[in-house]
Amino acid sequence: MAALLSPSDDAIMRAVETLRAGGLVAIPTETVYGLAANAQDGKAVARLYAAKGRPSFNPLIAHVPNLDAAQTEGLFNAQALALADAFWPGPLTLVVDVATSGSVSDLARAGLNSIALRMPKHPVAHRLLTAFGGPLVAPSANPSGHISPTTAQHVLADMGDRIDLILDGGACTTGLESTIIDARGDRPALLRPGSLDPTKIERIWPGLIRPDLNPDAPHSPGQLLRHYAPDAKLRLNASAPRPGEAYLGFGAGDATLNLSPRGDLAEAAANLFSMLRVLDAAHDIIAIAPIPNHGLGEAINDRISRAAK
Ligand code: TXA
Ligand code: MG
């Protein structure tokens, strides 16, 4: 079983040593818990894919502690710099061209000549990245296709027998994965809706492109249709539960659990994965209240419509 450690300086050093030795360490970020491996070590990355049961053609996000480290790995045009300046550290992943000085293994990039980079805001992730001194790949710390973990206990339950260490940084604050933007063209392209509200991106660099979310030709494999999957069946846009169903509410009214009684989309995003887990453990059908499709509601509806497939 993986050791579950609170993030003391000693625990951070133990995590660094584990990563240098090719091991796997689950880490808190502000979005979801990530399963980190040394991005430069192809063998460690192969272990990571095996632990997740993830298809190896799926490229990973490289996490870095600062913009200098990001620019060692990728080429930042004016648009990428403006977005990094506005939203890093934070829940934004930027896809840029690989730099010739890049150190991330081909396997982690799935052989592409682009790279996905993110500078997380969570203090524990930041301390670890700084102490480690190199990029860490970190997909969500769940078996491929399962619900992303937002607490250390979720990680222990799902992956504890396959990884070395878990750093416990408490519950994640935003609760949905980062928003992924392809920043290589003239205009930013939304590859995955996530914790950063796209309307905020449009304020920094207008003209956001929303590629067709066609599951047969995913730009970002996060777009594969069935991706975030509970065992229970989901019924979406349900204004009330039917007999025998659990009801995941939003806004005022009776519910088994409520994503946000006051109808706040950020609060709903933070609660989504953990409430789905709780209901999934005890119910066969989960009816979900309608969620408005603006702002963060787009990312929430993206996740629940995939989970319902
Ligand atoms: O919030 C997050 O982003 C979390 C936390 C742990 O940082 N990480 C995460 O990583 O969600 P992961 O590996 O589960 O998601 C990676 C996504 C995939 O959809 C992948 O296809 C996309 O990033 N991606 C990675 N490299 C890419 C590239 N070069 N071009 C397009 N998409 C890429
Ligand atoms: Mg994931």
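Throughout, numbering of the chain's residues begins at 1 and tracks the sequence. Being a predicted model, the structure only gives us computed values, none of them experimental. As the structure lists them, so they are numbered: ligands from 1, and atoms in each ligand from 1.
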### Query
In terms of side-chain geometry, is the basic nitrogen of R20 or D41 positioned less than 4.0 Å from the acidic oxygen of its partner?
no

### Query
Can you list the ligand 1 atoms lying under 4.0 Å from a non-hydrogen atom of L112?
28 (C), 29 (N)

#### Entry: Pairwise distance CG(L117) to CD(E73) - rounded to 0.5 angstrom
7.0 Å

### Message
Treating R47 as the side-chain partner and G22 as the backbone partner, does any N or O pair qualify as donor plus acceptor under 3.5 Å?
### Response
yes

#### Entry: Polar atom proximity, T29 to ligand 1 (N or O, under 3.5 Å)
no

### Query
Any side-chain donor-acceptor pair under 3.5 Å between N142 and S140?
yes

### Summary
With heavy atoms and a 4.0 Å threshold, my read on which part of R109 contacts ligand 1 is neither

### Task
Check ligand 1 against A116 and write out every atom of the ligand that is under 4.0 Å from a heavy-atom position of the residue.
25 (C), 26 (N), 27 (C)

### Query
Can you check whether S178 has an N/O within less than 3.5 Å of an N/O in ligand 1?
yes

### Task
Run the numbers for me: atoms of ligand 1, each under 4.0 Å from some heavy atom of H63, listed by number.
5 (C), 7 (O)

#### Entry: Subset of ligand 1 atoms that lie under 4.0 Å from at least one heavy atom of L191
31 (C)

### Query
Relative to the heavy atoms of P139, which atoms of ligand 1 are at a distance of less than 4.0 Å?
10 (O), 12 (P), 13 (O), 14 (O)

### Message
I need the atoms of ligand 1 closer than 4.0 Å to a non-hydrogen atom of G34, numbered in the order shown.
### Response
6 (C)

### Task
Check whether any N, O or S atom of S140, backbone or side chain, sits closer than 2.8 Å to the Mg ion (ligand 2).
yes

### Query
Can an N or O of S114 be found at a distance shorter than 3.5 Å from an N or O of ligand 1?
yes

#### Entry: Numbered atoms and elements of ligand 1 in range of I180, under 4.0 angstrom, heavy atoms
17 (C), 22 (C), 23 (O)

## Note on the structure
So for D182 against ligand 1, with non-hydrogen atoms under 4.0 Å, the contacting part is neither

### Query
Where the side chain of S101 meets the backbone of T72, is there a donor-acceptor pair that is under 3.5 Å apart?
yes

### Message
If I apply the N/O under 3.5 Å rule, does A138 come out as touching ligand 1?
### Response
yes

### Query
Does one side chain, of S195 or E177, offer a donor that lies under 3.5 Å from an acceptor on the other?
no

### Query
Is there a donor-acceptor contact under 3.5 Å linking the side chains of S103 and Q40?
yes

#### Entry: Minimal non-hydrogen separation, I304 against L272, with atom names
CG2-CD1, 3.7 Å

### ligand 1-proximal atoms of V137, by part, heavy-atom distance under 4.0 Å
neither

### Query
Within less than 4.0 angstrom of ligand 1, does S140 place any heavy atom?
yes

### Query
Looking only at atom types and distance, does a side-chain atom of S178 sit under 3.5 Å from a main-chain N or O of P91, one as donor and one as acceptor?
no

### Message
Under a 3.5 Å cutoff, is there a donor and acceptor pairing between the side chains of R109 and S114?
### Response
no

